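Down below is the structure, laid out as structure tokens.
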There are 2 protein chains.
Amino acid sequence: MRPTVIDIAREAGVSLATVDRVLNERPGVREKTILAVSDAIAKLGYVRDMAAANLARQRNYRMAFVLPDTQSQFVQTLRAELAIASVAALAARTEIEVITFPSEDPHALAALLAELPEKAVAGVALMAPETPILRDAIKALRLRGISVVALVSDLPNTERDHFVGINNRAAGRTSAVLMGRFLGNGPQKVAVVAQSMLLREAVERRLGFDEVIGRDFPLVDVLPTLESHGSPDVLRRVVGEMLKQFSGVGGIYLLGSGHRALTQVIDDLGLTGQLVVIGHELTPHVRDALIAGKMAAVITQNVGHLVRSALRVLRAKTDKTPIDAGQEQLRIEIVLRENLPTGPEEQA
Amino acid sequence: MRPTVIDIAREAGVSLATVDRVLNERPGVREKTILAVSDAIAKLGYVRDMAAANLARQRNYRMAFVLPDTQSQFVQTLRAELAIASVAALAARTEIEVITFPSEDPHALAALLAELPEKAVAGVALMAPETPILRDAIKALRLRGISVVALVSDLPNTERDHFVGINNRAAGRTSAVLMGRFLGNGPQKVAVVAQSMLLREAVERRLGFDEVIGRDFPLVDVLPTLESHGSPDVLRRVVGEMLKQFSGVGGIYLLGSGHRALTQVIDDLGLTGQLVVIGHELTPHVRDALIAGKMAAVITQNVGHLVRSALRVLRAKTDKTPIDAGQEQLRIEIVLRENLPTGPEEQA
DNA sequence: TTTTTTTTGAGGTACGCACCTCATTTTCTT
DNA sequence: AAGAAAATGAGGTGCGTACCTCAAAAAAAA
């Protein structure tokens, strides 16, 4: 049988009340007795039953996920996974609240965060660009005992408790290896397309990409980044012009969104299958593009894992429980047509 | 506030005892009242608090993991992950027992499985080749209410509840795409090395590999499988002979274990960096080989996820709770040097 | 209708823990 | 040594659920 607090009390020769005081770090216990209890815990291998503890605590984990109002496929996927996780989380007395903020307005974001303490939120997962205002808002939350986790893109200079997401620079390096090897040996040009190089993720990926291409594939020439500024039309235009202007372009690396517009313009120019197209994030469109052979590979992170990991980390933080680093390490996934995850229904 | 059984009873106009009977599918309730209770549950959005339920049930999940006594790196990794999971599982009142069976003795395996009911085991995760004796043993376990999950390699013709692992044929296809693209355009030969083609996994991977090479890379010629029979010496000899005999061998596909011997013989012949070597399973040696550039890519499954998924599935089965297919779907992971998972200490 | 069977209700105990109060004991001050 | 302060003990209640018993009510069978 697993030892319980009663066993600890007996072993340590103290009362239940004292064990309780030690376990929950309540004041009024001598150092000496704390040691006695700790020894008993160690000796018996006691592990607190968190389920029972939380039941008694009447603890209802309210977790907020704060996301930008961007209409991108990625954020939509994230929302979908959150909806799924919400249902599962209910049985573990965890409520998920999704909060949307205007992506271009750091002040509005800070105002929304400032409201969280009143909502009795235990933790926040935050997907937002780092700004000075945000730094202060996070600091304020932490001071009020609310855990903060950075989601997807890190907030390294803030006091966030944890970062849940992948290393975008490593993701860029991974793309580069694939691009370089898929292109083959001859001299080639690679175009890089991004929504905007003001986005951290894009910059980091590009940095990693250039790093590896420069080091391992000297014959490959990476062209300057083309920016779409979020407009499919612009993307089509700039890529079209680029392809007409340069000869010897063998691959295109898409740093962010715009898969549809990109595969379309390649189709229009009759170049499908002749270019190595590599992008990020496995959305439904990208899935189709992989199956159709319009993209060679996608570097992605598992959004389901992302959400569950953020939830586990937030729970661990509010429970003051250690985090299993191995489990929370998100992988940089490479997806080709042949290892596309099958839908649930296809699995036996 | 979340509704509780008391709210359900009030809403349905029945007593607590009746709600309990319905929730736990106890006999002696009229269809009509079952409906009334179900309606109340739906109306109030009641979700059973599994933490409290399991606490009251005094349920201690004893799960057995039955593994072969093979000394392979993969099985060792699996054992290591099980050890880690054991600690974490304790807090969730789950005990893990690892049972080892002689890999060549199906009767001994069956005998071990037959002992499980006495041990009050709730579920079994099983990594073993399918035999008629095993089929019967699994059937017997299921009849006694013990859930059975096939681990790593499926047991499709048995009555196992679930399979936790990857599709090896798809893994072979994925290897083929990488091999084909990494080799480039010219005509090339690819050697395939396996421990033994009597192993299911090896056969399935080879099937998938041939399928894609044949379809998408007509210029690539796949040589007959070389078998090492588990001996590093044999592997070195046969691969060495092969490389001397055939010219134009551009790649080697390693279906199972033997990474060390393979990279060594390539080294000895001074061919490191000139051959595209692709293998399976990310063990420490393989990790080193990737970093040193002695292997180009590895197709693997996340053993940590494997273990946790098996545990979750077993728990769900014993709780008669639905399974989140998305979460339990194991990915076929492609690992290159650049997306090697960093150790826990490197993340921050 | 009476008897038998089936359903339902009422109430209790337990799970492992948190948190509270009040009395009692021990330790420290002066 | 007396008083003040700190530490500890004893005991209770409740969290949401499972599971048990026994009595009472309702429905079905005779």
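None of these values were measured; they are calculated from a predicted model. The sequence lines fix the lettering, A, B, ..., with proteins before strands; numbering per chain opens at 1.
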In whole angstrom, what separates [X]'s [atom1] from [N]'s [atom2]?
X	N	atom1	atom2	value
B/D7	D/dT17	CG	C1'	13 Å
A/D49	D/dT17	CG	P	16 Å
A/R10	D/dG9	CZ	P	15 Å
A/L90	D/dG16	CG	C1'	15 Å
B/L16	D/dT17	CG	C1'	10 Å
B/L55	D/dT17	CG	P	12 Å

Please check the phosphate of [N] (OP1 and OP2 only) for any side-chain N or O of [X] closer than 4.0 Å.
X	N	value
B/R48	D/dT17	no
A/T33	D/dT8	yes
B/R57	D/dA18	yes

(request) At the 4.0 Å heavy-atom cut-off to chain B, mark where contacts on DNA chain C begin and end, going 5' to 3'. (result) C/dT7 to C/dG16
(request) Select one nucleotide: of D/dT8, D/dA18, D/dG16, the one nearest the side-chain heavy atoms of A/R93. (result) D/dG16
(request) For A/L23 and for A/K32, find the nucleotide of DNA chain C with the closest heavy atom, then tell me which residue's nucleotide is more 5'. (result) A/L23
(message) Taking the nucleotide of DNA chain C with the nearest heavy atom to each, does A/N54 or B/T18 sit closer to the 5' end?
(response) B/T18
Which atoms of nucleotides 20-24 of chain D (N or O only) lie under 3.5 Å from a protein N or O atom, and what are those distances?
none

(message) Main chain of A/L90, side chain of B/R2: is a donor-acceptor contact present, judged purely on distance under 3.5 Å?
(response) yes
(message) With a 3.5 Å distance limit and no angle check, can you tell me whether A/T318 reaches the backbone of A/A122 through a side-chain donor-acceptor pair?
(response) no
(message) I'd like to know whether B/L282 forms a side-chain contact (heavy atoms from CB on, under 4.5 Å) with B/E333, so could you lay out the CA-CA distance, the side-chain angles of the two residues, the decisive distance to 0.1 Å, and finally the verdict.
(response) CA-CA 10 Å; B/L282 186 61; B/E333 295 188 4; over 6 Å; no
(request) Please list all pairs passing the side chain to side chain donor-acceptor pair (under 3.5 Å) test where one or both residues lie in residues 133-142 of chain B, with sequence neighbours left out. (result) B/E130-B/R135, B/R142-B/D161
(message) Considering only residues two or more places apart or on different chains, which pairs with a residue in residues 21-30 of chain B satisfy side chain to side chain donor-acceptor pair (under 3.5 Å)?
(response) B/D20-B/N24, B/D20-B/R26, B/N24-B/R48
(message) The criterion is salt bridge (charged side-chain N to carboxylate O under 4.0 Å, His left out); which residues satisfy it with B/E115, sequence neighbours excluded?
(response) none
(message) Can you work out whether A/G13 or A/Q58 has the more 5'-proximal nearest nucleotide on DNA chain D?
(response) A/G13
(message) Check this for me: does any side-chain nitrogen of one of A/R160 and A/D154 sit under 4.0 Å from a carboxylate oxygen of the other?
(response) yes
(message) Quiz question: by atom type and distance under 3.5 Å, do the side chains of A/S309 and A/E328 form a donor-acceptor pair?
(response) yes
Donor-acceptor contacts, no H, no angles, side chain residues 34-47 of chain A, under 3.5 Å, sequence neighbours left out:
from  : atom 1 : to    : atom 2 : distance (Å)
A/S38 : OG     : A/I34 : O      : 2.8
A/K43 : NZ     : A/E11 : OE2    : 2.8

